[in-house]
Amino acid sequence: MRRTEAVVIGGGQAGLAMSRCLTQGGIDHVVLERGRVAERWRSERWDSLRLLSPNWQSRLPGFRYQGPDPDGYMRMPEVVGFLERYARSFAAPVEESTTVLAVEAGAGVYRVTTDRGAWEAPSVVIATGHCDVPVVPEIARLLPDDVVQLVPTRYRNPRQLPAGGVLVVGASASGVQLADEIHASGRPVTLAVGRHTRLPRVYRGRDILWWLDAMGVFDESADDVSDITASRRQPSLQLVGRPDHATLDLPMLEGRGVRLVGRALRAERDRVFFADDLVAHTVAADARLARLIQRIDIFAARTGLEAEVEPPEPFRPFLWPRPAPTEIDLRDEGIRSVVWATGFRREYPWLKLPVLDARGEIRHEGGVTPAPGLYVIGLYFLRRRKSSFLDGVGRDAMELTAHLATHLRRAA
Ligand SMILES: Cc1cc2nc3c(=O)[nH]c(=O)nc-3n(C[C@H](O)[C@H](O)[C@H](O)COP(=O)(O)OP(=O)(O)OC[C@H]3O[C@@H](n4cnc5c(N)ncnc54)[C@H](O)[C@@H]3O)c2cc1C
């Protein structure tokens, strides 16, 4: 049994940011990582993926992107290198290849059991990631056995897929990127679209994330939104990071020949049924985008940015997608694989403490759980909208470290 003041579970950006702040605060700790540092960026992302956020937005406590291409988007090996350098920059006490099997309450301390021994500490920080387990809808089980099914964390490139058509379900960042890539490989792609957030990559000459950053959208906290639960369930942004800064949205995909359909509802063997809601979702996404663009223009005018940025660009709504079928027969259409890009959920089978809600999510207020000394970091909109991003987790780590330090003083 080894003892320390804080055990951090997970060696991604959230665990490392926490470790940097604990180091800064002189708090003895260990980071337990079942794989290697930045494991999910190494082994759960597809080959062509680049960051969606521009490189300058890779900012962690005491560390930031300083490479030659601040406006570009890092490839996965570069992100891994970035996080490895971060860990080395403060000699993060990471124990790699160490899987946490149980976190239990002991006498005034937590007992953390791993496959390589146990730890005891008065505080524990869970940093096992918001994008933990891919969500696969129930209908997946109803599809015929000879249809290949994949989730984005297992997808690498189109060569993995059998010849024939592909159904991609989900049109947020992962879904639109995979639909585009698979279509470009010469396979007919059908994309099932639900609620989504359409965005241009660049507006008025600036990256759309630059605008959101400048306007303080990413800094919005739970107090700034009317319904934090709804905000936490928002779909990811429909964006791709490419050297040419291209936009990737539904009009573009449809123009290239990707067939769009509504939300996948149910399946009966080879037949898959879709909601008749494609138009409703695209209209709603356009309305949200139109409001955002108007907000950007007002912001530019109010802050005197007009002179620095390009003139307003006309907004082009997705006028009318082609009529979408509400039923397709996979066999008749030669569709041999389905990719479920339907988001992520989180699993904590090792967490033996009464802090999970009915959905299995950790109950918390800004990362502070009801169990004294137990924290969670890295979840979407944990303390503010950017909490799960490379650019946002740092501030949360600083604030949670301050809370944790107070807990340690009290516990002592
Ligand atoms: C496809 C995709 C693209 C993204 N692009 C961007 C982007 O461009 N910009 C941006 O800012 N954000 C992006 N994100 C969001 C976010 O930055 C990533 O999800 C990032 O990986 C989150 O870091 P994290 O440290 O919170 O969690 P993770 O990176 O998921 O790290 C959690 C770590 O915990 C470890 N772990 C889990 N369970 C255990 C256990 N029981 N014991 C020990 N270790 C355990 C895992 O191995 C993992 O290394 C993207 C996410 C996805 C899915």
Side-chain angles (χ1 to χ4, degrees), residues 10 12-14 34-35 38-53 73-80 83 128-141 143 147-162 164-185 187-199 233-242 246 248-250 252-253 258-261 263-264 267 272 335-347 378-380 388-390:
Q13 72 217 20
R34 65 182 171 188
E39 186 57 46
R40 285 220 165 91
W41 295 107
R42 297 174 196 266
S43 55
E44 296 192 13
R45 310 279 192 256
W46 56 96
D47 298 346
S48 65
L49 181 67
R50 289 172 179 266
L51 283 186
L52 311 175
S53 46
Y73 313 93
M74 279 186 260
R75 284 184 176 282
M76 292 306 101
E78 295 172 284
V79 180
V80 171
L83 290 174
T128 48
H130 184 81
C131 300
D132 184 12
V133 184
V135 170
V136 178
E138 273 295 293
I139 62 172
R141 286 194 299 113
L143 295 179
V147 171
V148 172
Q149 300 191 42
L150 271 182
V151 289
T153 50
R154 295 276 163 262
Y155 170 89
R156 291 293 165 271
N157 56 58
R159 291 191 299 282
Q160 242 177 319
L161 303 171
V166 182
L167 170 63
V168 178
V169 183
S172 288
S174 301
V176 292
Q177 289 188 37
L178 300 190
D180 192 37
E181 169 167 292
I182 296 167
H183 174 77
S185 77
R187 285 154 219 261
V189 173
T190 301
L191 177 62
V193 177
R195 195 160 161 262
H196 59 276
T197 306
R198 180 182 172 196
L199 285 180
R233 289 199 199 133
Q234 270 179 9
S236 70
L237 311 174
Q238 231 175 35
L239 279 178
V240 62
R242 286 190 183 148
L248 181 61
D249 58 14
L250 298 182
M252 220 146 258
L253 285 172
V258 171
R259 176 174 61 174
L260 306 180
V261 294
R263 239 165 357 104
V272 182
I335 295 178
R336 302 320 308 141
S337 41
V338 177
V339 182
W340 300 104
T342 29
F344 290 89
R345 60 190 176 82
R346 288 140 293 284
E347 262 181 8
L379 300 183
Y380 182 66
S388 61
F389 302 141
L390 279 160

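Predicted model, so just to flag it, every value in this text is computed and none were measured. In what follows, residues are counted from 1 in the order of the sequence shown.
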Can you find a pair of side-chain heavy atoms, one from Trp46 and one from Ser174, that are under 4.5 Å apart?
yes
Between OG of Ser43 and CE of Met76, what distance do you get to the nearest 0.5 Å?
12.0 Å
Expected output: side-chain Gln238 to main-chain Ala171 donor-acceptor under 3.5 Å:
yes
Please step through side chain to side chain contact (heavy atoms under 4.5 Å, CB included) for the pair Val176 and Val258, ending with a clear verdict.
CA-CA 10 Å; Val176 292; Val258 171; over 6 Å; no
Closest non-hydrogen atoms of Trp340 and Pro137, given as atom of the first, atom of the second and distance, are CE3-CD, 3.5 Å
A side-chain contact here means heavy atoms from C-beta on lying under 4.5 Å apart; do Leu49 and Tyr155 qualify?
no
What's the spacing between Arg156 CZ and Arg154 CZ if we round to 0.5 Å?
7.0 Å
Correct closest heavy-atom pair for Leu143 and Ala267 would be CD2-CB, 3.7 Å
I'd like to check the side-chain hydrogen bond (donor to acceptor under 3.5 Å, both in side chains) partners of Arg345; sequence neighbours left out, ordered by chain and number.
Glu347
Do the side chains of Arg198 and Leu250 get nearer than 4.5 Å, heavy atoms only?
no
For the residue pair Val339 and Ile182, establish whether any side-chain heavy-atom pair is separated by less than 4.5 Å.
yes
Any side-chain heavy atom of Leu52 within less than 4.5 Å of one from Leu237?
no
Nearest atoms (heavy-atom pairs only) where Arg242 meets Tyr73
O-CE1, 3.3 Å
Leu51 side chain near Leu390 side chain, heavy-atom distance below 4.5 Å
yes
Any heavy-atom pair between the side chains of Val151 and Val136 that's under 4.5 Å?
yes
Ignoring hydrogens and geometry, is there a side-chain-to-backbone donor-acceptor pair from Gln13 to Ser388 under 3.5 Å?
yes
What one should report as the nearest heavy-atom pair of Pro134 and Thr153 is CG-OG1, 3.3 Å
Is a side-chain donor or acceptor of Thr342 paired with a backbone partner of Val135 at a separation under 3.5 angstrom?
yes
Stepwise, does the side chain to side chain contact (heavy atoms under 4.5 Å, CB included) test hold for Gln234 with Thr197?
CA-CA 9 Å; Gln234 270 179 9; Thr197 306; 5.8 Å; no
Distance-only donor-acceptor pairs under 3.5 Å for side chains of residues 187-196, two or more places apart:
residue: Arg187; atom: NE; partner: Ser185; partner atom: OG; Å: 3.3
residue: Arg187; atom: NH1; partner: Leu161; partner atom: O; Å: 3.0
residue: Arg187; atom: NH1; partner: Pro162; partner atom: O; Å: 2.6
residue: Arg187; atom: NH2; partner: Pro158; partner atom: O; Å: 3.2
residue: Thr190; atom: OG1; partner: Arg259; partner atom: NE; Å: 3.2
residue: Thr190; atom: OG1; partner: Arg259; partner atom: NH2; Å: 3.0
residue: His196; atom: ND1; partner: Gly194; partner atom: O; Å: 2.8

Flag, side chain of Gln177 to backbone of Leu239, donor-acceptor distance under 3.5 Å
yes
Compare all side-chain heavy atoms of Asp180 with those of Leu253 and state whether any distance is below 4.5 angstrom.
yes
Salt bridge (Lys or Arg N to Asp or Glu O under 4.0 Å) pairs, two or more places apart, involving residues 130-139
Arg40-Asp132, Glu138-Arg141
Supply the atom-to-atom distance Glu181 CD to Asp47 CG, rounded to the nearest 0.5 angstrom.
7.5 Å
